[in-house]
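First the structure, in the form of structure tokens, and then the observations on it.
Remember, predicted model here, so these are calculated numbers, not experimental data.
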Amino acid sequence: KQYFKPFMVNDIVIKPTWEEVPDGMEGKMVVNIDPGTAFGTGSHETTQLVIKQMDKYIKEGDKLLDVGTGSGILSVIGLMLGASHVLGTDLDPNAIIATAENMEANIISSELYEVIEGNIIDDKKIQDYAGYECYDVVTANILADIIIPLLSEIAVHMKVGGVIITSGIIDMKEQAVKDAFAANDSFEILEVTYQGEWVSITAKRVK
């Protein structure tokens, strides 16, 4: 609580639930976050990279899949930006609790989101539950070593033309992730963005 203070990403104010909106930030989109027991306040460069890309790519009515949802911050922001529904997956059961609390803090209906515990990379039950050919946007703010195997699975869950926003990639792993995208003819890289020593790669499903 001592170190988590309100800040802005683009025109989005992200603030802890226990702080007021600071002077000069009124009238903006305000996201209330209590990190609780799950990772993710939004202050880390990797999360900010994803938020900037979500702000650019999410359209009204989009269906969002948030892989490694953590505190649920990206799921919350996705819905605020106009997504109609979000499914989050995480290996940590605390993510389910934290996401529900953060949705409630932002007065978001439980009908608009769901979080399930499991690994979409290799768990057929999770894959089937998520569904196929149905997501407009996928966010994966995890680690390069998880993104690389994820790419061989995730395309089938996306609509053709859908966008995947990856982050959590340390700069020394940038080429390895680019190579994984290049080896998968389902994807075409749209953008590579940087903040500090971190990299975000946004790609489109082309087939």
With rounding to the nearest 0.5 Å, note down the distance linking [atom1] in [X] to [atom2] in [Y].
X      : Y      : atom1 : atom2 : answer
Tyr135 : His85  : OH    : NE2   : 8.0 Å
Glu19  : Ile33  : CD    : CD1   : 14.0 Å
Ile77  : Ile51  : CD1   : CD1   : 3.5 Å
Asn94  : Leu91  : CG    : CG    : 12.0 Å
Thr89  : Glu114 : OG1   : CD    : 11.5 Å
Gln195 : Leu49  : CD    : CG    : 5.0 Å

N/O donor-acceptor pair under 3.5 Å between [X] side chain and [Y] backbone:
X      : Y      : result
Asp123 : Gly118 : no
Asp62  : Lys59  : yes
Glu45  : Gly196 : no
Asn106 : Asn102 : yes
Asn10  : Ile12  : no

Is it the case that one hydrophobic cluster holds both [X] and [Y], taking links as side-chain heavy atoms less than 4.5 Å apart, direct or via other members?
X      : Y      : result
Leu64  : Leu81  : yes
Leu143 : Val67  : yes
Tyr57  : Met80  : yes
Leu190 : Val199 : no
Val13  : Trp18  : no

message: Is a donor from one side chain sitting under 3.5 angstrom from an acceptor on the other, for Asp90 and Thr69?
response: no
field: Thr202-Glu191 side chain donor-acceptor pair, cut-off 3.5 Å
entry: no
message: Walk me through whether Asp11 and Met29 qualify under side chain to side chain contact (heavy atoms under 4.5 Å, CB included).
response: CA-CA 7 Å; Asp11 273 346; Met29 180 193 290; over 6 Å; no
Under 3.5 Å, which donor-acceptor pairs link side chains of residues 149-169 to any protein atom two or more places apart or in another chain?
from	atom 1	to	atom 2	distance (Å)
Ser152	OG	Pro149	O	2.8
Glu153	OE2	His157	NE2	2.7
His157	ND1	Gly131	O	2.6
Lys159	NZ	Asp136	OD1	3.0
Lys159	NZ	Asp136	OD2	3.4
Thr166	OG1	Ile201	O	2.8
Ser167	OG	Thr46	O	2.9

Heavy-atom side-chain proximity of [X] to [Y] below 4.5 angstrom:
X      : Y      : value
Leu87  : Tyr113 : no
Ser200 : Gln53  : yes
Ile147 : Lys173 : no
Ser109 : Met103 : no
Asp34  : Glu101 : no
Leu65  : Val137 : no

query: Do other residues, nucleotides or ligands put more than 12 heavy atoms under 6.0 Å from the CD atom of Glu104?
result: no
message: With a sphere of 6.0 Å drawn around OH of Tyr129, does it hold more than 12 non-hydrogen atoms of other residues, nucleotides or ligands?
response: no
field: Electrostatic pair Glu188:Arg205 at N-O distance under 4.0 angstrom
entry: no
- prompt: Is any NZ, NE, NH1 or NH2 atom of the basic residue among Lys52 and Asp55 found under 4.0 Å from an Asp or Glu carboxylate oxygen of the other?
  reply: no
query: Yes or no on side-chain hydrogen bond (donor to acceptor under 3.5 Å, both in side chains) for Asn141 and Thr47, after CA distance, side-chain angles and deciding distance?
result: CA-CA 7 Å; Asn141 181 25; Thr47 316; 3.3 Å; yes
field: side chain to side chain contact (heavy atoms under 4.5 Å, CB included) partners of Phe7, counting only residues at least two apart
entry: Phe4, Val9, Ile14, Ser43, Gln48
Locate the shortest heavy-atom distance separating [X] from [Y]; write the atom from each residue and the value.
X      : Y      : result
Ile120 : Ala130 : CD1-CB, 3.9 Å
Ala98  : Gly70  : CB-O, 4.4 Å
Gly78  : Ile58  : CA-CD1, 3.8 Å
Asn119 : Ile121 : OD1-N, 2.9 Å

- prompt: Please, which pairs that meet ring-ring contact (aromatic ring centres under 6.0 Å, His included) have at least one residue in residues 167-195, sequence neighbours excluded?
  reply: Phe181-Phe187
task: May I have the step-by-step check of salt bridge (charged side-chain N to carboxylate O under 4.0 Å, His left out) for Lys15 and Glu20, ending in yes or no?
output: CA-CA 8 Å; Lys15 74 170 193 66; Glu20 296 299 315; over 6 Å; no
